S.K.: 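Sharing a structure below in structure tokens format, with a few things to ask.
Values below: every heavy atom of this structure, side chains too, minus hydrogens, waters and symmetry copies. Treat the numbers as computed from the prediction; the structure is a model and nothing was measured.
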Amino acid sequence: MSKFNDSNKSGSGSSSGFVRSMLFSFLVGIVAFFILVSAFSLMVTKRDISFDSIKYLLSAASVLSAFIAGYIMSRRMKVRGLFSGISVSIPLFLFEIIFVVILSDGLISGAVYLLIPMMIFASALGGIMAANMKQKRKFRH
């Protein structure tokens, strides 16, 4: 009886565990996105950086947050790094597009179509890296 309960404890064997891991990774990705956007906006205001570079910094924040979300998702699931990384990038991309549309009064540039594969690739790379990393083992003395 405890054998079945222990197998679903990590969340990798059930669909509710997948949804919880995706939601947690999605929220981590959103927080990472806002932290990176805040850091980049501080950098733009404090240093002599042109405002034309904001779209590149926003793209970098999107790609880095997708990488972090894919890494966290795959680290929590402990299996299928490519699938788990890609699965969290889609809702993260949709959230960030809605965020940009709200801030820019409905204007979206053509760079969005380039951002889609960049975010999917970054989150898949984060998922693969997390799945291939070995767990730290604690040795008893």
S.K.: Just verifying a value: how many Å separate Ser62 OG and Phe67 CZ, rounded to the nearest 0.5 Å?
M.R.: 15.5 Å
S.K.: With the 4.5 Å side-chain cut-off for hydrophobic clustering, are Val31 and Leu94 part of the same group?
M.R.: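 No; Leu94 is not reachable from Val31 via cluster members.
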S.K.: Quick check for you: to the nearest 0.5 Å, what is the distance between Leu82 atom CG and Ser123 atom OG?
M.R.: 9.0 Å
S.K.: When Val63 is tested against each of Ile120, Leu115, Leu36 for side-chain contact (heavy atoms from CB on, under 4.5 Å), which residue passes?
M.R.: Leu115
S.K.: Check side chain to side chain donor-acceptor pair (under 3.5 Å) between Ser25 and all other residues, then give those that pass, not counting sequence neighbours.
M.R.: none
S.K.: When rounded to the nearest 0.5 angstrom, what is the spacing between OG in Ser41 and CZ in Phe34?
M.R.: 11.5 Å
S.K.: Return the set of residues passing ring pair (Phe, Tyr, Trp, His ring centres under 6.0 Å) with Phe83 (not counting sequence neighbours), or none when no residue passes.
M.R.: Phe18
S.K.: Indicate if Phe33 and Leu114 have the same hydrophobic cluster label, given that clusters are the connected sets of ILVMFWY residues with side-chain heavy-atom separations under 4.5 angstrom.
M.R.: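 Phe33 and Leu114: one cluster.
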S.K.: May I ask you to test the Met73-Val28 pair for a side-chain heavy-atom distance under 4.5 Å?
M.R.: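 Met73 does not reach Val28 side chain to side chain.
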S.K.: Output the distance between atom OG (Ser21) and atom CD1 (Ile72), rounded to the nearest 0.5 Å.
M.R.: 10.5 Å
S.K.: Starting at CE of Met22, measure out to CD1 of Ile90 and round the result to the nearest 0.5 Å.
M.R.: 8.5 Å
S.K.: Just checking Met118: does its CE atom have more than 12 heavy atoms from other residues, nucleotides or ligands closer to it than 6.0 angstrom?
M.R.: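 Counting neighbours around CE of Met118, more than 12 heavy atoms of other residues, nucleotides or ligands fall under 6.0 Å, so yes.
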S.K.: For Leu92 and Ala69, which heavy atoms make the closest approach, and how far apart are they?
M.R.: CD2-CB, 4.0 Å
S.K.: Looking only at heavy atoms, what is the nearest atom pair of Ala32 and Ile68, with distance?
M.R.: CB-CD1, 3.9 Å
S.K.: Met119, Ile35: one ILVMFWY side-chain cluster at the under-4.5 Å cut-off?
M.R.: no
S.K.: Assess whether atom OH of Tyr56 is packed by more than 12 heavy atoms of other residues, nucleotides or ligands within 6.0 Å.
M.R.: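 Incorrect, the count does not exceed 12.
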S.K.: Quick check: closest heavy atoms across Ala130 and Arg75, and the distance to 0.1 Å?
M.R.: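 Closest approach of Ala130 to Arg75: O-NH1, 3.5 Å.
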S.K.: Answer yes or no: does atom CZ of Phe121 have more than 12 heavy-atom neighbours from other residues, nucleotides or ligands under 6.0 Å?
M.R.: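 No, the 6.0 Å shell around CZ holds no more than 12 heavy atoms from other groups.
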S.K.: For the CD atom of Glu96 and the CG atom of Leu58, what is their distance to the nearest 0.5 Å?
M.R.: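 Answer for the CD-CG pair, Glu96 versus Leu58, is 7.5 Å.
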S.K.: Mind listing the closest non-hydrogen atom pair of Phe93 and Ile116 along with its distance?
M.R.: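 Looking at all heavy atoms of both residues, the shortest contact is CZ-CG1, 2.9 Å.
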